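For reference, the structure is listed below as structure tokens.
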Number of protein chains: 2
Amino acid sequence: MNTKSVRTIADIARIANVSKATVSRALNDSPLVRAETKKRIQAIAEEHHFRINIPARNLSTQKSHTIAFVTNAYHVKAFSMEDLFSLEIMGGITNGLHPLGYEMLIVHVDPRDSEWATQYLESGRVDGFVLMTSSKKQSHIKTLLDIHAPFIVWGVPQANANYCSVTADNVTGGRLATEHLIQIGRQKIAFLGGSDYEREVQERLKGYEQALQNVGRQVDPNLLVYGDYSHASGYAAMEQLLDQAPDLDAVFVNSDLMAIAAINVIQNRGKQVPGDIAVVGYDDLSIANYNNLPLTTIRQNIPLAGKLLAENLVQYIQTGVVTNVTLPVELVVRKSA
Amino acid sequence: MNTKSVRTIADIARIANVSKATVSRALNDSPLVRAETKKRIQAIAEEHHFRINIPARNLSTQKSHTIAFVTNAYHVKAFSMEDLFSLEIMGGITNGLHPLGYEMLIVHVDPRDSEWATQYLESGRVDGFVLMTSSKKQSHIKTLLDIHAPFIVWGVPQANANYCSVTADNVTGGRLATEHLIQIGRQKIAFLGGSDYEREVQERLKGYEQALQNVGRQVDPNLLVYGDYSHASGYAAMEQLLDQAPDLDAVFVNSDLMAIAAINVIQNRGKQVPGDIAVVGYDDLSIANYNNLPLTTIRQNIPLAGKLLAENLVQYIQTGVVTNVTLPVELVVRKSA
DNA sequence: CTCTTTCTTGCAACCGGTTGCATTAGCAAC
DNA sequence: GTTGCTAATGCAACCGGTTGCAAGAAAGAG
């Protein structure tokens with residue numbers, strides 16, 4: 001129980017001999033209050049360690065200054081390595097939100113539940129959503145559009161879409177990865193993609209195809225496999241690749257986690273990385289550097305992506321301006337290729 | 001802008017021909033309202049997809065139903081692998097909070113800032129804190145105690161402390177790890193600890209010492225080194241160990257991440273794990289299983305720890321009852337030892 | 001039938017901050 | 001000295017839900 005004698009704006013008003021309205025305006029730096037009055041009030045508030053009551057402010061302004069980070073890890077008891085991408089981008093998002101006076105809630109979403117968005121938005125609990133889910137993403141986007149919810153998406157937006165997004169240049173990423181493998185002399189270059197229905201994966205494939213075609217090579221369907229970004233799926237996909245094309249000497253993998261799984265498979269089959277098979281990953285998560293065999297990978301600037309997701313969503317909430325950002329990618333050469 | 005015609009309890013009251021008070025009581029399942037009236041009101045609310053306004057409820061009840069997850073990753077632009085422990089326990093915490101109607105904010109804390117706790121608590125933004133920081137933990141505990149903030153700590157509580165905590169049995173963990181290494185025939189067993197001022201590390205050392213003494217062996221100070229749980233510190237500590245005792249044939253490492261770093265050092269010096277040097281880690285994070293050489297490790301039940309952190313903090317907020325829980329640990333034998 | 005007790009629901013004040021509009025003081029122009 | 005305009009501040013209603021206490025209805029006992 002808080003027994004401080006100075007707890008509300010009314011208390012500050014009594015001490016400063018002004019009205020609550022003047023105190024509220026002074027603490028919010030309103031131009032309607034004379035500068036010397038404002039300074040005096042702010043000094044009194046500081047002296048008494050005054051804290052404005054956030055629920056009261058939220059009620060009267062009808063804003064929560066809170067963003068929901070929507071992840072689909074609802075089904076697990078705990079986060080894991082599989083969620084490292086979310087973890088890393090989360091840090092960038094909270095760093096972007098904090099200077100703007102916003103907080104971030106983590107929201108697990110059951111993809112079968114169509115009420116989750118209204119439950120958070122129409123109750124006034126959050127002002128908007130950062131959508132990270134990959135399963136049922138289109139369905140979630142539709143849900144959010146239907147209720148006119150402010151949101152931003154990590155990933156390639158739908159054609160003709162009118163919502164905010166931040167993505168990276170996947171075509172260039174695919175091309176850079178493949179060009180590197182070509183440049184170091186690899187002859188039989190495989191593609192281990194994420195979920196094949198995703199635009200990002202399709203664009204990385206396009207970049208891979210472009211790089212091959214640029215040197216007069218053809219795409220071999222036996223060299224194309226897909227996972228779902230999980231470690232297990234990367235493992236299985238790499239096994240399938242080696243079964244289908246035992247003589248492949250390079251693989252471009254659509255995520256660092258699947259790349260590490262692929263390396264495990266390669267090494268377990270008695271082959272050397274990068275000697276026998278060169279491996280390029282994607283994302284440049286921290287694990288890429290920590291792996292005993294540091295990963296050559298395509299860096300998406302995840303801290304910057306997080307920061308822009310935050311800032312662009314808040315800008316949309318405040319102004320209604322929709323922004324779509326495509327970040328550049330870069331090849332990071334380490335030891336796996 | 002929400003143009004729904006049924007937005008507030010007053011709207012439901014008008015439709016149901018009762019007062020706001022009755023609607024509020026019905027939606028909160030109060031026994032003061034007749035059962036048939038309650039049913040009727042709940043049906044009307046359901047029919048109109050009514051959502052109670054959370055800021056208004058928070059203001060009138062003076063509760064936010066929000067918990068702050070306090071981590072000290074304030075200094076980085078993004079989370080990383082170093083934060084995998086926090087990520088994994090975070091999942092357990094949100095799973096524990098959600099059925100209780102609570103949300104979780106992630107709060108970065110500058111250890112030099114002494115106002116962070118009042119900033120969140122006295123503004124009514126959060127109802128309590130889960131304290132995960134390891135740097136300046138004692139200082140944060142003092143800060144929270146000074147302002148009578150509800151909180152719970154992951155880790156061993158201070159002697160005579162009167163606050164909630166969840167920890168695991170570190171002495172047993174240290175003993176189990178060392179006994180296992182003894183049992184598989186290792187002669188020169190090293191200890192690579194976390195930060196040596198931490199009670200957890202001291203307790204794990206005690207377990208290590210007990211196991212050695214139980215078989216008539218002495219503790220060799222040249223076999224004791226400390227890191228700070230970071231990958232880099234684990235790497236450096238293992239290098240120091242091998243410099244000091246090139247003939248060691250086992251090492252008990254106080255975290256999975258440092259264990260992986262240790263394995264990297266061992267392999268980079270041309271030695272085999274577990275052939276030349278057996279390695280046991282701690283925590284049983286998801287990475288322990290994903291590593292190409294799956295880690296033998298001491299499992300702390302992280303999902304359960306997270307769930308209990310959540311439930312016991314909410315119980316303290318609601319009832320004032322302080323609970324301290326020590327979870328059992330277990331040895332998980334994989335391939336590194 | 002009357003009185004007392006209990007049940008059910010309503011009244012309205014409160015939680016604390018925001019802000020449109022009103023009021024008053026001060027200043028400048030005539 | 002008067003009038004008109006602007007600046008500074010105050011008033012009080014509002015944001016929406018909660019709940020202590022009051023009022024009235026219903027039921028039971030005598």
Side-chain angles (χ1 to χ4, degrees), chain A residues 1-42 44-45 48-65 101 121-125 127, chain B residues 1-42 44-45 48-66 101 121-125 127 318:
Chain A
M1 194 65 62
N2 192 335
T3 53
K4 271 174 71 180
S5 61
V6 177
R7 289 201 307 111
T8 70
I9 277 185
D11 297 325
I12 300 290
R14 194 170 22 79
I15 294 167
N17 209 24
V18 293
S19 72
K20 277 171 47 181
T22 300
V23 175
S24 180
R25 292 191 179 105
L27 296 185
N28 284 296
D29 213 24
S30 168
L32 299 177
V33 177
R34 194 160 38 112
E36 71 182 53
T37 304
K38 193 188 290 182
K39 273 187 169 54
R40 194 165 63 82
I41 291 169
Q42 286 172 350
I44 292 172
H48 291 93
H49 301 288
F50 176 73
R51 301 284 177 200
I52 201 157
N53 185 289
I54 297 295
R57 184 199 64 177
N58 291 354
L59 175 60
S60 64
T61 60
Q62 297 185 316
K63 296 286 184 194
S64 68
H65 296 87
L121 187 76
E122 292 186 11
S123 65
R125 186 175 262 142
D127 294 339
Chain B
M1 191 66 62
N2 192 333
T3 54
K4 271 174 70 179
S5 61
V6 176
R7 291 199 307 109
T8 70
I9 278 184
D11 297 325
I12 301 289
R14 192 169 24 78
I15 295 169
N17 210 25
V18 292
S19 71
K20 280 170 46 184
T22 300
V23 175
S24 179
R25 293 193 179 103
L27 296 183
N28 285 296
D29 213 24
S30 169
L32 298 180
V33 176
R34 194 159 40 109
E36 72 180 54
T37 306
K38 191 187 293 184
K39 273 187 171 53
R40 195 164 63 80
I41 291 168
Q42 285 171 351
I44 292 171
H48 290 93
H49 302 287
F50 176 72
R51 301 286 178 198
I52 202 157
N53 186 288
I54 298 295
R57 184 200 64 177
N58 291 353
L59 175 61
S60 63
T61 60
Q62 297 184 316
K63 296 287 184 194
S64 67
H65 296 86
T66 304
L121 187 74
E122 293 186 11
S123 64
R125 186 174 263 138
D127 294 338
Q318 290 177 344

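A quick note: this is a predicted structure, and the numbers were derived from the prediction, not measured. Order of the sequence lines sets the chain letters (A, B, ...), proteins ahead of strands, with each chain counted from 1.
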Report task. Give me the residues of residues 21-31 of chain B where at least one heavy atom lies under 4.0 Å from an atom of DNA chain C, by number, or none. Result -> B:A21, B:T22, B:R25
Report task. Quick one: pull up CG in A:L59 and OG in B:S60 and give me the separation to the nearest 0.5 Å. Result -> 9.0 Å
Query raised in the report: Just how far is it from atom CG of A:L27 to atom CD1 of A:I41, taken to the nearest 0.5 Å?
Result: 7.0 Å
Requested in this report: Convert the base pairs of DNA chain C into dot-bracket notation, remembering that pairs crossing earlier ones are written with [ ] and that bases paired across to another strand are shown as |; include only Watson-Crick or G-U pairs under 3.5 Å.
Outcome: ||||||||||||||||||||||||||||||
Report task. Output all residues satisfying side-chain contact (heavy atoms from CB on, under 4.5 Å) with A:K63, sequence neighbours left out; order by chain, then residue number. Result -> A:T61, A:H65, A:D127, A:I317
Query raised in the report: Does B:N53 have any side chain to side chain donor-acceptor pair (under 3.5 Å) partners at least two apart in sequence or in another chain, and if so, which?
Result: none
Query raised in the report: Which part of the nucleic acid, if any, lies within contact of B:I9, taking any heavy atom under 4.0 Å across all strands shown: a base, the sugar-phosphate backbone alone, or nothing?
Result: sugar-phosphate
Report summary line: Nt span of DNA chain C in reach of chain A heavy atoms at under 4.0 Å, 5' end first, is C:dG16 to C:dC21
**Report entry** Contact nearer the 5' end of DNA chain D, comparing B:S60 with B:L32
**Finding:** B:S60
Query - Counterpart residues, side-chain contact (heavy atoms from CB on, under 4.5 Å), relative to A:S123 (two or more places apart) - result: A:R125, B:R51, B:I54
Query raised in the report: Considering all heavy atoms of both residues, which atom of B:F50 and which atom of B:T8 are nearest to each other, and what is their separation?
Result: CE1-C, 3.4 Å
**Report entry** side-chain contact (heavy atoms from CB on, under 4.5 Å) partners for B:Q318, two or more places apart
**Finding:** B:Y102, B:V314
Donor-acceptor pairs are to be reported for all side-chain atoms of residues 16-23 of chain B against protein atoms at under 3.5 Å, with residues two or more places apart or in another chain.
residue: B:S19; atom: OG; partner: B:A21; partner atom: N; Å: 3.4
residue: B:S19; atom: OG; partner: B:T22; partner atom: N; Å: 3.2
residue: B:S19; atom: OG; partner: B:T22; partner atom: OG1; Å: 3.2

Query raised in the report: Taking C-beta and beyond as the side chain, do A:S24 and A:N28 meet within less than 4.5 Å on heavy atoms?
Result: yes
Polar atom pairs (N or O), protein with nucleotides 23-26 of chain D, under 3.5 Å:
none

**Report entry** Partners passing salt bridge (Lys or Arg N to Asp or Glu O under 4.0 Å) against B:R14 (at least two apart in sequence or in another chain)
**Finding:** B:D11
Query raised in the report: So how far is it from B:T37 OG1 to B:L32 CG, rounded to the nearest 0.5 Å?
Result: 12.0 Å
Requested in this report: Sequence neighbours left out, what pairs pass salt bridge (charged side-chain N to carboxylate O under 4.0 Å, His left out) with at least one residue falling in residues 25-34 of chain B?
Outcome: B:D29-B:K38, B:R34-B:E36
Query - Nearest heavy atoms of A:G124 and A:S64, plus distance in Å - result: O-CB, 3.4 Å
